[in-house]
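The first residue of the sequence shown is numbered 1, and numbering continues consecutively from there.
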Amino acid sequence: MTTLEKQFAQTIAEHKSTIYTVCYMFSKDADEVNDLFQEVLVNIWKGFENFEHRSDIKTWIYRIALNTCISLDRKKRRSSEAKLTMDINLFEDRDEDTRQVDMLHKRISRLQPFDRAIVLLWLENLSYEEIGQIVGITTKNVSVRLFRIREQLKQMSNN
């Protein structure tokens with residue numbers, strides 16, 4: 001056993017009750033608590049070598065245990081949420097607005113992926129500056145590209 005492994009084993013032995021206490025806060029099922037405990041140990045081990053002792057080891061272990069348990073709890077809740085079903089198909093709606101939206105969607109989908117991304121960001125009401133930062137071009141280039149994209153979409157309506 002290496003020195004690091006010995007230090008780890010000693011630290012876990014000293015703080016085992018802290019870890020179990022946190023795990024019990026997130027589950028009363030013994031098997032689930034043991035799974036949480038194991039996951040916390042893995043995360044402590046991953047960071048153990050880099051622990052810089054800026055805070056008390058117990059504080060650090062609490063933080064890891066809480067973050068691990070919270071993350072796993074969120075995943076568990078997301079996977080157990082009921083799936084929503086709808087008895088109507090909104091895509092079958094044939095009023096004028098729906099037809100126009102459908103036509104615009106079809107045209108946008110014919111654009112190049114980069115131009116499609118710019119249009120979708122613009123439709124999300126992002127500023128030219130924000131769009132430029134996201135896609136990695138200048139604000140002026142966003143303006144020019146959007147002008148050209150509009151022209152391209154107009155040409156598609158004439159085809």
Please say yes or no: joined through hydrophobic side-chain contacts below 4.5 Å, possibly via intermediate residues, are [X] and [Y] part of one cluster?
| X | Y | value |
| --- | --- | --- |
| Tyr128 | Ile137 | yes |
| Leu146 | Leu153 | yes |
| Val119 | Met103 | no |

Rounded at 0.5 Å granularity, tell me how far [atom1] in [X] sits from [atom2] in [Y].
| X | Y | atom1 | atom2 | result |
| --- | --- | --- | --- | --- |
| Ile12 | Trp45 | CD1 | CH2 | 10.0 Å |
| Asn43 | Ser71 | CG | OG | 8.5 Å |
| Cys69 | Glu32 | SG | CD | 9.5 Å |
| Arg107 | Gln152 | CZ | CD | 12.0 Å |
| Thr11 | Ile57 | OG1 | CD1 | 5.0 Å |
| Arg116 | Ile149 | CZ | CD1 | 11.0 Å |

**Request:** Mind running side-chain contact (heavy atoms from CB on, under 4.5 Å) on Ile61 and Phe51 for me, showing each step along the way?
**Result:** CA-CA 10 Å; Ile61 288 173; Phe51 177 62; over 6 Å; no
**Asked** Side chains of Gln7 and Leu4: does their closest heavy-atom pair fall under 4.5 Å?
**Response**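 Yes, close enough: below the 4.5 Å cut-off.
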Side-chain donor-acceptor distances from residues 14-24 under 3.5 Å, at least two apart:
residue : atom : partner : partner atom : Å
Glu14   : OE2  : Gln10   : NE2          : 3.1
Tyr20   : OH   : Asn34   : OD1          : 3.4
Thr21   : OG1  : Ser17   : O            : 2.6

**Request:** Begin with the C-alpha distance, continue with both residues' side-chain angles, and end with the deciding distance and a verdict on side-chain contact (heavy atoms from CB on, under 4.5 Å) for Thr68 and Leu36.
**Result:** CA-CA 8 Å; Thr68 302; Leu36 289 170; 5.8 Å; no
Considering residues at least two apart in sequence or located in another chain, which fulfil the salt bridge (Lys or Arg N to Asp or Glu O under 4.0 Å) criterion with [X]?
| X | answer |
| --- | --- |
| Arg145 | Asp115 |
| Glu130 | none |
| Glu52 | Arg54 |
| Lys140 | none |

**Which residues share a ring-ring contact (aromatic ring centres under 6.0 Å, His included) with Phe48, sequence neighbours left out** =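 Phe48 satisfies ring-ring contact (aromatic ring centres under 6.0 Å, His included) with Phe8 only.
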**Item:** Glu5 (side chain) donor-acceptor with Thr2 (main chain) under 3.5 angstrom
**Value:**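 Checking the backbone N and O of Thr2 against the side chain of Glu5, a donor-acceptor pair under 3.5 Å is found.
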**Asked** Could you walk me through whether Met156 and Leu111 pass the side-chain contact (heavy atoms from CB on, under 4.5 Å) check?
**Response** CA-CA 10 Å; Met156 286 180 196; Leu111 295 171; 3.8 Å; yes
**Asked** Is a salt bridge present between Glu151 and Arg148, judged by a nitrogen-to-oxygen distance below 4.0 Å?
**Response**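 Not counted as a salt bridge, because no side-chain N and carboxylate O are separated by less than 4.0 Å.
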